[in-house]
Protein chains: 2
Amino acid sequence: MGGCVIVPIVDDMSTLPTMTDPTDRFDLDEFLPYLLNQAAEATSHEFQSAYRDRYGFTRTQWRVLANLGKFGAMTARDICAISHIEKTKVSRAVAALERAGILSRTPSETDRRAEVLSLTPTGHSVFAELGELAQGFDQNLRATLGQNEAANLVSILRHLAKGGQGRRGKDT
Amino acid sequence: MGGCVIVPIVDDMSTLPTMTDPTDRFDLDEFLPYLLNQAAEATSHEFQSAYRDRYGFTRTQWRVLANLGKFGAMTARDICAISHIEKTKVSRAVAALERAGILSRTPSETDRRAEVLSLTPTGHSVFAELGELAQGFDQNLRATLGQNEAANLVSILRHLAKGGQGRRGKDT
DNA sequence: CGTTCATAGTTGCAAATGCAACGAAGTCAA
DNA sequence: TTGACTTCGTTGCATTTGCAACTATGAACG
């Protein structure tokens with residue numbers, strides 16, 4: 001940043017080709033997807049150490065666990081729909097969590113393609129522990145933001161997460 | 001917020017195991033890192049098709065390009081500091097962008113470990129095109145949010161991105 | 001100088017991811 | 001019933017990522 005002053009090189013700006021008006025040049029500092037990513041990475045990465053160090057979970061695994069813990073037994077498909085996580089990610093996370101004894105699968109009685117996923121007792125206690133950590137972590141974040149801003153943020157994010165992903169089936 | 005009154009289900013709470021007070025149970029729906037991720041993924045993924053389809057860039061590559069386009073020539077280190085992208089990611093993105101003729105490296109005159117990165121003419125024009133798309137995309141998002149909420153969101157996200165990642169050197 | 005420690009950037013390798021393709025089961029209609 | 005089409009979930013494969021070295025340079029201090 002060298003505190004530059006912009007001196008017009010030409011007198012008649014209208015002779016410049018397709019150069020659009022300065023006010024709508026792209027501004028990375030204001031680009032929402034970029035800012036969202038930075039904020040998401042910063043916060044998630046910090047909390048990640050909690051589940052990674054203790055249980056070796058990946059972010060996706062923690063997310064699947066959290067959904068099951070929060071909303072109860074459901075199919076992989078439901079998790080996809082609720083969380084907007086891609087189905088192959090869910091599939092692999094479920095496989096890993098099952099190997100780790102966190103959840104178990106039961107064939108659905110109404111649809112033989114699907115399996116109902118539910119936390120094992122171990123899964124429940126792990127969720128309880130991580131949930132408590134998450135809760136504390138979140139409280140900290142909210143404290144630094146202020147409760148009003150935090151509540152505001154939540155509603156805006158919900159809006160973005162809902163409307164943001166138009167196409168269906170995938171998401172990541 | 002919700003103005004809830006907590007009605008005890010049992011008379012003697014002390015008989016309940018370790019179950020903490022309902023008001024501080026973990027609520028995934030309100031967990032900021034989770035919501036941030038969903039919103040970030042939803043918006044970024046949608047915009048991703050723009051640079052992936054046209055140029056085959058990854059998200060990281062686009063981010064590096066955007067930083068160079070916006071802030072001008074600088075070293076990889078600077079990009080890391082500004083964007084909070086991990087240095088190996090930056091390193092590989094830079095290598096790829098160089099191969100693609102988007103940027104060029106010049107040994108720093110003051111530090112022989114470092115290289116100054118700058119966009120080539122091609123890089124500038126690619127940035128101009130993608131920047132315009134990004135601009136339009138962002139306008140859309142802001143329109144659905146409303147300008148007030150959008151401005152609000154930006155300031156909160158900046159706050160999170162800054163404070164959020166305490167430890168140094170990494171980030172992802 | 002020489003020693004020690006920090007920093008810029010790269011690389012190896014294991015793990016996570018994205019995407020397309022697949023098998024199996026469900027749905028709908030002729 | 002058959003056939004065309006959709007959906008649930010998994011798998012193969014190429015790409016991207018994370019993390020821990022590692023090289024080369026710089027900086028601090030005796």
Side-chain angles (χ1 to χ4, degrees), chain A residues 37 40-42 44-46 48-49 51-53 55-64 74-100 103 105-117 165 167-172, chain B residues 37 40-42 44-46 48-49 51-53 55-64 74-100 103 105-117 165 167-172:
Chain A
N37 261 292
E41 285 301 323
S44 293
H45 195 272
E46 190 167 348
Q48 183 176 32
S49 59
Y51 47 81
R52 200 195 26 185
D53 295 350
Y55 301 104
F57 293 155
T58 65
R59 196 128 108 203
T60 307
Q61 285 163 25
W62 149 247
R63 294 230 236 161
V64 167
M74 57 196 194
T75 68
R77 218 221 121 247
D78 296 330
I79 296 180
C80 291
I82 294 181
S83 67
H84 303 301
I85 302 175
E86 206 219 355
K87 66 179 181 175
T88 68
K89 256 160 113 176
V90 170
S91 173
R92 289 190 245 246
V94 165
L97 290 172
E98 186 186 32
R99 275 194 300 276
L103 62 77
R105 311 155 110 130
T106 320
S108 161
E109 302 192 347
T110 62
D111 184 340
R112 271 183 298 166
R113 294 169 302 178
E115 293 174 306
V116 177
L117 309 168
Q165 36 86 43
R167 71 250 164 287
R168 250 302 25 93
K170 15 205 74 189
D171 97 310
T172 244
Chain B
N37 262 293
E41 285 300 323
S44 295
H45 194 271
E46 191 166 347
Q48 184 176 30
S49 60
Y51 46 82
R52 199 195 27 182
D53 295 349
Y55 302 104
F57 294 155
T58 65
R59 196 129 109 200
T60 307
Q61 285 162 24
W62 148 247
R63 291 232 238 162
V64 167
M74 56 196 199
T75 68
R77 218 221 119 247
D78 296 329
I79 296 180
C80 291
I82 294 180
S83 66
H84 303 302
I85 303 174
E86 205 219 356
K87 66 178 181 175
T88 68
K89 255 160 113 176
V90 170
S91 174
R92 288 190 245 245
V94 165
L97 290 173
E98 186 186 32
R99 274 194 300 275
L103 62 77
R105 311 156 109 129
T106 319
S108 161
E109 301 193 347
T110 62
D111 184 341
R112 272 183 297 165
R113 293 169 301 181
E115 292 174 307
V116 177
L117 309 168
Q165 35 86 42
R167 72 250 165 288
R168 254 291 37 87
K170 14 203 76 190
D171 98 311
T172 245

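In what follows, chains are A, B, ... by sequence order, proteins preceding strands, each numbered from 1.
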Below the 4.0 Å mark, does C:dC19 have OP1 or OP2 next to a side-chain nitrogen or oxygen of B:R52?
yes
For A:D53 and D:dC19, give me the distance from atom CG to atom C1', rounded to whole Å.
13 Å
Side-chain N or O of A:H45 closer than 4.0 Å to phosphate OP1/OP2 of D:dC19:
yes
Sequence neighbours excluded, which residues qualify as side-chain hydrogen bond (donor to acceptor under 3.5 Å, both in side chains) partners of A:T106?
none
Nearest whole Å is fine: how far is D:dT16 P from B:R59 CZ?
13 Å
How many whole angstroms separate atom CD of B:E41 from atom C1' of D:dT16?
13 Å
List for me each residue that meets side-chain hydrogen bond (donor to acceptor under 3.5 Å, both in side chains) alongside B:R113, sequence neighbours excluded, and say none if there are none.
B:D111
Got a second to check how far B:K89's NZ is from B:R63's CZ, nearest 0.5 Å?
6.5 Å
Nearest-angstrom distance from the residue atom CD of A:E86 to P of D:dT15
17 Å
With A:A100, which residues qualify under side chain to side chain contact (heavy atoms under 4.5 Å, CB included), at least two apart?
A:I102
Could you give the CG-to-P distance, from A:D111 to C:dT27, as a whole number of Å?
7 Å
Listed by chain and number, what are the side-chain hydrogen bond (donor to acceptor under 3.5 Å, both in side chains) partners of A:S49, not counting sequence neighbours?
none
Interface polar pairs with nucleotides 9-13 of chain C, N/O, under 3.5 angstrom:
unit_1: C:dG9; atom_1: OP1; unit_2: B:E115; atom_2: N; d: 3.2
unit_1: C:dG9; atom_1: OP2; unit_2: B:R77; atom_2: N; d: 2.5
unit_1: C:dG9; atom_1: N7; unit_2: B:K87; atom_2: NZ; d: 3.2
unit_1: C:dG9; atom_1: O6; unit_2: B:K87; atom_2: NZ; d: 3.0
unit_1: C:dT10; atom_1: OP1; unit_2: B:R105; atom_2: NH2; d: 2.3
unit_1: C:dT10; atom_1: OP2; unit_2: B:S91; atom_2: OG; d: 2.6
unit_1: C:dT10; atom_1: O5'; unit_2: B:S91; atom_2: OG; d: 3.4
unit_1: C:dG12; atom_1: O6; unit_2: B:R92; atom_2: NH2; d: 2.8

Hey, does the side chain of B:K89 come within less than 4.0 Å of D:dT16's phosphate (OP1/OP2), counting only N and O?
no
For B:S91, what residues pass the side-chain hydrogen bond (donor to acceptor under 3.5 Å, both in side chains) criterion, not counting sequence neighbours?
none
Compare side-chain N and O positions of A:R112 against OP1 and OP2 of C:dG26 and report whether any pair is under 4.0 Å apart.
yes
